[in-house]
Visitor: 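Input: one structure, supplied below.
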There are 2 protein chains.
Amino acid sequence: MEARHLRYALALAEHEHFGRAAGALGIAQPPLSKQIADLEREVGARLFDRTRQGVFPTAAGDAFLARARRALDEVAAAVVEAGRAARGETGRLRLGFIASALLEPLPTVLGRFGRERPDVRLELHEMATSRSTAALVAGELDVAITLGRPRGAGAERLVSVPVGHDHLIAVVSTAHPYAGQPSVSVDQLRQQPLIVAPGEDEPVVGAGLRALLGEDSPALGGATVARDIHTIIGLAASGVGVGLGPSRMLAAPRPGAWFCEVTPRTPLPDLVLSFTARDRSPALSAFLDIIRKNCPDVGAALDHRLGAHCEQRGQDLADS
Amino acid sequence: MEARHLRYALALAEHEHFGRAAGALGIAQPPLSKQIADLEREVGARLFDRTRQGVFPTAAGDAFLARARRALDEVAAAVVEAGRAARGETGRLRLGFIASALLEPLPTVLGRFGRERPDVRLELHEMATSRSTAALVAGELDVAITLGRPRGAGAERLVSVPVGHDHLIAVVSTAHPYAGQPSVSVDQLRQQPLIVAPGEDEPVVGAGLRALLGEDSPALGGATVARDIHTIIGLAASGVGVGLGPSRMLAAPRPGAWFCEVTPRTPLPDLVLSFTARDRSPALSAFLDIIRKNCPDVGAALDHRLGAHCEQRGQDLADS
DNA sequence: TCCGTCGATATCTCAGAAGTATCGTCACCC
DNA sequence: GGGTGACGATACTTCTGAGATATCGACGGA
């Protein structure tokens, strides 16, 4: 049983005449007769009544043809769907991200992506950098936004590119003495109850802060820990203490909260976009294309990194 | 694009290995490689990732395979459905019948048929004998129950067999003077207001009655005409007059109605089962089989008529 | 009764599906 | 680090079977 048999049977049902159906199919009449006969033998039932008035489906033929039509429609749809999936118009994009990425790059990028690729299912998983890296390597994610370049087992198989730079800023209540100041100094911070993110989520914030404030700073020991940056801002705005976080926080202004720089200016690890060097899904390619179009600088870095990977592979080839 | 390509792609997706998939398909590995390559070229997208760990569908491959599976399922279903339709287990049976056939043969036969062939759609059309005949000839009915053997254009192309015999009986109210009598005479009928079916629906009842009672019988001129036999019985039971109808009426007893024979016994035209000599649908064959099983006498007549048709066709063949 | 139409059958041809042999590539492993 | 084995791709051959041509048989209409 081949697709040919179905096409021939449908053509015969349409033209109700062996000769004309064969003509429409671009073949001669005898092969059509034979193929229909073969089909009827294989199905085990006569599918067409040959009368003087024309060739008409039997009851069995009607039942068969209805299914045959659907089968061929499925095949045509299979080709179309495969093409769309290959162009990244359908499918899914599994994105792992660090919570604070929801503040700045994600809303813009995901908004554009959702508009340009409405039929791609976005699967968003908030997770720490280390888990994102492991999930990327294990093939459980297509792309991840992490804090700093991924490290650990398999990280060398990833392509990573920074998306924007951050430095440490502080947030206080508008009723706080620091409110209205453009900046606070590290010395001032040492005197204050602090609100920070836990070390695992923003590891360099944790370690970096320790270095910045001094290992045994009393402010650190008594610091309030909040996982969500919105919580940090909210706690700071309600006067619990001085919130510390990435300059991305400026994207989440809030009545009652005052943001100020920290001097000396303390760079924080970049947000980094990573994906596997191989096994890129079409949806991911579409995602990268959209980033290229909308953030030329990130796009350029991306192309540079990908070029480096190609060169390295070329080098590997030349070596062997 | 042939069904072969779909089967091969599905086997490859299942075994994740060219060699093993080819083995399962009963072919060697190189042809499988070629067919998959041809398929990918025709679809215009790579469908499988060949890795060291195995062969896995790409996003496009997943989309394609899902549809391919459904397409092959449809084909398998097409064969099964065609077989069922050919055996008369599915499909439809278009039955034309004279209203009074609802009294006696139809409830039994349709009940059995519905139980044995639950998936055959029964289309029941109440119509006069002449319309049934025309509809049979035009191919708009599969089988008909008529009053008397079909006549008119194309009737010679039908096979007909009587199903039971009828004679004229009368029905009166239990308060009527005739109530309790086993029979009434034609002479007695001439004195009474009559209730009869219209001539077109039961033509021989009309013409036969005229012959029986005499052309200018006053009872005929003032007769009440009711299309439905239940109506005739109901009117008679409520004392409007003497209802006349086929002995089939006995199958519809009713409180307040008294049935009695008419003397002399007056045979009425038989109910006749008819269908086209050629173009018998499988559902019709199943219908006839059920009649054969349950009414051996009708079955025998049926086989006799069909045999006659075959002989005639044989004779035709010998002549030419 | 002849003739035309239409599907079935017989036979041949050739495209292409499948088979065999071999190559190129990549892990893996002493 | 070179040897080795596994795997898919490629080159070439073989043979099945789809399609073409010619013809037959059956039926209907003039």
Side-chain angles (χ1 to χ4, degrees), chain A residues 1-9 11-42 46-58 61 154 156-157 277-279 312-320, chain B residues 1-9 11-42 46-58 61 154 156-157 277-279 312-320:
Chain A
M1 171 85 58
E2 285 296 333
R4 184 184 51 255
H5 294 115
L6 310 188
R7 285 191 291 266
Y8 287 9
L12 182 55
E14 186 187 346
H15 292 91
E16 303 178 343
H17 185 283
F18 274 80
R20 282 192 289 277
L25 289 166
I27 64 172
Q29 171 259 315
L32 179 58
S33 284
K34 181 172 190 319
Q35 293 299 317
I36 295 294
D38 289 348
L39 177 62
E40 289 178 325
R41 195 169 33 69
E42 185 168 357
R46 183 144 271 238
L47 299 178
F48 291 95
D49 271 332
R50 286 82 158 163
T51 73
R52 279 295 121 179
Q53 288 72 41
V55 179
F56 304 102
T58 61
E156 70 282 358
R157 274 184 281 169
R278 317 181 58 164
D279 297 337
Q312 194 189 329
R313 286 183 61 202
Q315 194 62 35
D316 291 350
L317 289 174
D319 288 354
S320 63
Chain B
M1 171 85 59
E2 286 297 333
R4 184 183 52 253
H5 294 115
L6 309 188
R7 286 191 291 266
Y8 287 9
L12 181 56
E14 185 187 346
H15 293 91
E16 303 178 342
H17 185 283
F18 274 81
R20 282 191 290 277
L25 289 167
I27 63 172
Q29 171 258 319
L32 179 58
S33 283
K34 181 171 190 319
Q35 293 299 319
I36 295 294
D38 289 348
L39 177 63
E40 290 179 325
R41 194 168 33 71
E42 185 168 355
R46 182 143 270 239
L47 299 179
F48 291 95
D49 270 333
R50 286 82 159 164
T51 73
R52 279 299 123 179
Q53 288 72 40
V55 179
F56 304 102
T58 60
E156 71 282 358
R157 274 184 282 169
R278 319 183 55 170
D279 299 336
Q312 194 189 328
R313 286 183 60 200
Q315 196 62 35
D316 292 348
L317 289 175
D319 287 353
S320 63

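A, B, ... follow the sequence lines: proteins, then strands. Residue 1 opens every chain.
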Visitor: What residues in residues 12-21 of chain B put a non-hydrogen atom under 4.0 Å from any atom of DNA chain D?
Guide: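 Correct list: H17(B), F18(B), G19(B).
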Visitor: Measure from the side-chain N and O atoms of H15(B) to the backbone N and O of L12(B), and report whether any donor-acceptor pair falls under 3.5 Å.
Guide: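 Between the backbone of L12(B) and the side chain of H15(B) there is no qualifying donor-acceptor contact (under 3.5 Å).
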Visitor: Could you walk me through whether T51(A) and F56(A) pass side-chain contact (heavy atoms from CB on, under 4.5 Å), step by step?
Guide: CA-CA 8 Å; T51(A) 73; F56(A) 304 102; 3.8 Å; yes
Visitor: Nearest 0.5 angstrom please: H5(A) NE2 to D38(A) CG, how far?
Guide: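 Separation between the atoms: 5.5 Å.
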Visitor: Does any N or O in the side chain of E2(A) come within less than 3.5 Å of the main-chain N or O of A3(B), such that one atom is a donor and the other an acceptor?
Guide: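 Indeed, once roles are kept as given, a pair shorter than 3.5 Å links the two residues.
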Visitor: Going 5' to 3' through nucleotides 9-21 of chain C, assign each nucleotide B (protein heavy atom under 4.0 Å from a base atom), S (under 4.0 Å only from sugar-phosphate atoms) or - (no protein heavy atom that close).
Guide: B-------SBBBB
Visitor: For the pair H17(A) (side chain) and G19(A) (backbone), establish whether a donor and an acceptor sit closer than 3.5 Å, ignoring hydrogens and angles.
Guide: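 Judged by distance alone, yes, a pair lies under 3.5 Å.
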Visitor: Between T58(A) and D49(A), is there a donor-acceptor pair closer than 3.5 Å when you use the side chain of the first and the backbone of the second?
Guide: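 Such a contact is absent between T58(A) side chain and D49(A) backbone.
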Visitor: Working note: F18(A) + R50(A), criterion side-chain contact (heavy atoms from CB on, under 4.5 Å); need CA distance, chi angles, decisive distance, verdict.
Guide: CA-CA 9 Å; F18(A) 274 80; R50(A) 286 82 158 163; 3.9 Å; yes
Visitor: Between the side chain of Q35(A) and the main-chain N/O of R4(A), is any donor-acceptor distance below 3.5 Å?
Guide: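 Checking the backbone N and O of R4(A) against the side chain of Q35(A), no donor-acceptor pair under 3.5 Å is found.
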Visitor: Would you call R20(B) and E14(B) a salt bridge, taking side-chain N to carboxylate O under 4.0 Å as the test?
Guide: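 Judged by the 4.0 Å cut-off on N to carboxylate O distance, R20(B) and E14(B) do not form a salt bridge.
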Visitor: Measure CE/M1(A) against C1'/dG17(D) and give the value in whole Å, please.
Guide: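 Interatomic distance, CE of M1(A) to C1' of dG17(D): 17 Å.
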Visitor: Establish, with yes or no, whether the OP1 or OP2 oxygen of dC6(C) is under 4.0 angstrom from a side-chain nitrogen or oxygen of R52(A).
Guide: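 Checking R52(A) against dC6(C): no side-chain N or O falls below 4.0 Å of OP1 or OP2.
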Visitor: What's the angle between the local helix axes at either end of the helix from dT1(C)-dA30(D) to dC30(C)-dG1(D), using five pairs per end and rounding to 10 degrees?
Guide: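 Its terminal axes enclose an angle near 10°.
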Visitor: Can you tell me the distance, in whole Å, between the CZ atom of R46(A) and the C1' atom of dA8(C)?
Guide: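 From R46(A) CZ to dA8(C) C1': 11 Å.
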Visitor: Can you tell me how far C1' of dT16(D) sits from CD of E2(A), to the nearest Å?
Guide: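 Answer to the nearest Å: 13 Å.
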Visitor: Could you state the atom-to-atom distance from CZ of F56(B) to P of dG8(D) in whole Å?
Guide: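 Between P of dG8(D) and CZ of F56(B): 11 Å.
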Visitor: What is the distance from atom CG of L47(A) to atom CD of E42(A), rounded to the nearest 0.5 Å?
Guide: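 Rounded to the nearest 0.5 Å, the CG-CD separation comes to 10.5 Å.
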Visitor: What verdict does the side-chain contact (heavy atoms from CB on, under 4.5 Å) test give for F48(A) and I36(A), after you've listed the backbone C-alpha separation in whole Å, the side-chain angles of each residue and the deciding distance to 0.1 Å?
Guide: CA-CA 9 Å; F48(A) 291 95; I36(A) 295 294; 4.0 Å; yes
